[in-house]
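Below is one structure; the comments refer to it alone.
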Number of protein chains: 2
Amino acid sequence: MDFARADALNQAIRLLSLRHRARAAALLTPLGLHPGQEVLLLELARSGPMIQAQLSGALGCEPPSVTLMASKLEASGHIRRSPAPTDRRATLVELTDSGRELADQVRRAWRTLAEETVVGLGEETVASLPEILGTLAENAGAGRRATGANATTRRPRRTGRG
Amino acid sequence: MDFARADALNQAIRLLSLRHRARAAALLTPLGLHPGQEVLLLELARSGPMIQAQLSGALGCEPPSVTLMASKLEASGHIRRSPAPTDRRATLVELTDSGRELADQVRRAWRTLAEETVVGLGEETVASLPEILGTLAENAGAGRRATGANATTRRPRRTGRG
DNA sequence: CGCATAACATTATGCGCTTAACCAAATTGT
DNA sequence: ACAATTTGGTTAAGCGCATAATGTTATGCG
C-alpha cells in the first residue's frame, strides 16, 4: 500500500475515534454519564450480571478500567457490586433498577449516535460496516492476548520479598 | 435503525479506536514517540511549515492539544517554533533535520499499521474505506464549528474586572 | 498436603485530549 | 482613532484508558 492510502486510512480512523467519542460524550452528558460507562451498562443490560473479568473481556478494555467505570457507576447508584458466590476473589456486577432505566435511555442515545454517524451512506454500505470495522479492530488488536498464538509472555510477577 | 445494528456499529467503532491507537503506540514507541505526535510530524512533512492554528485545523484536535504535542516535539528536538513574521500572536512550526528523518520512519510505521489493519479485506473494500470512514467522522463531528451553520456561539469572555 | 503458579481485583502513575479561563495581538465597527 | 470583538496561544483542571506493582484467592503439581 502506498503512503497516501495508508495515511488517509490512519487519519480517518483517528478522526473517527475523536469525533465519535466526542459525539457520544455530548449525547451521554444529559444522562449524567461520561463516555466509557455506557458500554458497561449496555453489556449488563444485554447479558445480565457478570464478574468484572468477564466485563473486561466483553468491553475490550483492561481490568483497571473496569474497576474505575464500575466504581463510578456504583457511586451513582446504577450498578451494584457483591462478592461472587463461587469465587471469593471475584466481584459480581449487576444493574440496579435505576441502572436498568438508565440503560434504556442509553440505548436510545446509542441509536441516535449510530444513525447520525451513517448519514449519507448507502444501506448496503451501512449493513456491511459492523463486519468491516470488526475486522479492522481485530487486525489492529492482533499481537494481543493470543487468539491462538503464544500466550506464554507472562512476567514472573517480581513478588516483593521484604 | 434497530438497536442491535446501532450497538454493533458503535461498539465496533469504539473497539477500533482503542485497538488502532494501541497498535500505533506499539509501533511508535521504538521511535520514541507517543501516539498523537506522529500526525503532527506527518502534517509538517506533507505541507511544510505552518502556524499552530493551521495544525489544529489539519489534525482535527483542539489548540491546547497542539500546544502540548508541539512542546514535547520541540523538547525532543524534532520541530522548531518561531514567532510568525506576519502575525505576532502566531507561532510558526517547522521540522528540524532530526524531525525530517523521524518523519520518514513514521511514514514507514504508518504504512505498516495501515497494512496490518486491513488484512483480510478485499481490495475494493480497502479502496473505499478512507471515504467511508471520512464520512463517518464528518457525521460524528457535525454540530461542531460550523460547516456553514451557526458559528455565533462565542461566550462574552467574562473579562475579569478586578 | 504444601508449595508454586495463575487469575481477579485494586491502587498508583502516566499520557492524550478536552473544556474553561486567561493574556496578547489583530480586526472591525462607528 | 478608539472601543469592542475576534483570533492565536498558553495554562490549569478533569476524564478515560493504559501499564506496573501489589494483595488476595484458586488451582495444579510434587
Side-chain angles (χ1 to χ4, degrees), chain A residues 14-15 17-19 21-26 28-29 33-40 50-57 59-74 81 83-84 86-93 144-145 151-162, chain B residues 14-15 17-26 28-29 33-40 50-57 59-74 81 83-84 86-93 144-145 151-161:
Chain A
R14 181 182 174 80
L15 241 277
S17 302
L18 292 176
R19 299 291 193 244
R21 181 182 192 79
R23 189 67 189 126
L28 291 172
T29 296
L33 289 178
H34 289 278
Q37 309 180 345
E38 83 282 18
V39 286
L40 203 161
M50 57 179 76
I51 69 173
Q52 294 186 185
Q54 291 174 312
L55 276 170
S56 170
L59 305 185
C61 60
E62 299 299 317
S65 303
V66 174
T67 295
L68 288 182
M69 300 183 217
S71 295
K72 301 192 176 178
L73 287 170
E74 186 180 36
R81 287 198 286 183
T86 69
D87 188 334
R88 285 200 300 169
R89 298 167 299 178
T91 312
L92 190 66
V93 183
R144 202 184 177 71
R145 262 199 202 82
T152 1
T153 331
R154 210 64 158 196
R155 226 165 301 92
R157 180 57 198 298
R158 201 180 113 42
T159 167
R161 182 202 33 78
Chain B
R14 181 181 175 81
L15 243 276
S17 304
L18 293 175
R19 300 291 194 242
H20 186 260
R21 181 181 192 79
R23 188 70 190 123
L28 292 171
T29 295
L33 290 177
H34 289 279
Q37 309 181 342
E38 84 281 17
V39 285
L40 203 161
M50 56 178 74
I51 71 173
Q52 294 186 184
Q54 291 173 313
L55 276 170
S56 171
L59 306 185
C61 60
E62 301 298 317
S65 304
V66 175
T67 296
L68 289 181
M69 299 184 217
S71 295
K72 302 193 177 181
L73 285 170
E74 186 180 36
R81 288 199 284 183
T86 69
D87 188 335
R88 284 200 301 167
R89 299 167 298 178
T91 311
L92 189 67
V93 182
R144 198 182 181 71
R145 260 197 204 82
T152 0
T153 331
R154 208 67 157 197
R155 226 165 299 91
R157 177 61 199 297
R158 199 180 113 43
T159 168
R161 181 203 31 80

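Quick note on labels: first sequence line is chain A, next is B, and so on, each numbered from 1.
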Practice task
Using atom types as modelled and distance alone, determine if a side-chain donor or acceptor of B/S56 lies under 3.5 Å from a backbone N or O of B/Q52.
Solution key: no
Of the options [options], whose atoms approach the side-chain atoms of [X] most closely?
{"X": "A/H34", "options": "D/dG16, C/dA9, D/dG8", "result": "D/dG16"}
{"X": "A/L68", "options": "C/dA9, C/dA20, D/dC17", "result": "D/dC17"}
{"X": "B/L18", "options": "C/dT18, D/dG9, D/dA18", "result": "D/dA18"}
{"X": "A/E62", "options": "D/dG8, D/dT19, C/dT18", "result": "D/dT19"}
{"X": "A/A90", "options": "C/dC8, D/dG8, C/dT11", "result": "C/dC8"}
{"X": "B/R88", "options": "C/dA26, D/dT10, D/dG16", "result": "C/dA26"}

OP1 or OP2 of [N] less than 4.0 angstrom from a side-chain nitrogen or oxygen of [X], does that happen here?
{"X": "A/S65", "N": "D/dA18", "result": "yes"}
{"X": "A/R81", "N": "C/dT10", "result": "yes"}
{"X": "B/T67", "N": "D/dG9", "result": "no"}
{"X": "B/Q37", "N": "C/dG16", "result": "yes"}
{"X": "B/Q52", "N": "D/dT10", "result": "yes"}
{"X": "A/K72", "N": "D/dG16", "result": "yes"}

Exercise for the section: Tell which nucleotide pairs with D/dG30, taking only Watson-Crick or G-U wobble pairs whose two distances are both under 3.5 angstrom. Expected result: C/dC1
Handout entry: Set of residues satisfying salt bridge (Lys or Arg N to Asp or Glu O under 4.0 Å) with respect to B/R89, sequence neighbours excluded
Key = B/D87
Problem - Partners meeting salt bridge (Lys or Arg N to Asp or Glu O under 4.0 Å) with A/R81 (sequence neighbours left out) - result: A/E74
Handout entry: base_contact_polar (D/dT24 base, A/R89 side chain, donor-acceptor, <3.5 Å)
Key = no
List in chain and number order the residues that pass side-chain hydrogen bond (donor to acceptor under 3.5 Å, both in side chains) with [X], two or more places apart in sequence or in another chain; answer none if no residue qualifies.
{"X": "A/Q54", "value": "none"}
{"X": "B/S17", "value": "A/S17"}
{"X": "A/R21", "value": "none"}

Please list each protein N or O that sits under 3.5 Å from an N or O in nucleotides 2-4 of chain D, with the distance.
none

Exercise for the section: Starting from C1' on D/dC17, measure out to CE on A/M69 and report it in whole angstrom. Expected result: 8 Å
Practice task
State the NE2-CG distance between A/H34 and A/L68, to the nearest 0.5 angstrom.
Solution key: 12.5 Å
Problem - Residue whose nearest DNA chain C nucleotide is more 5′ - A/V66 or A/R14 - result: A/V66
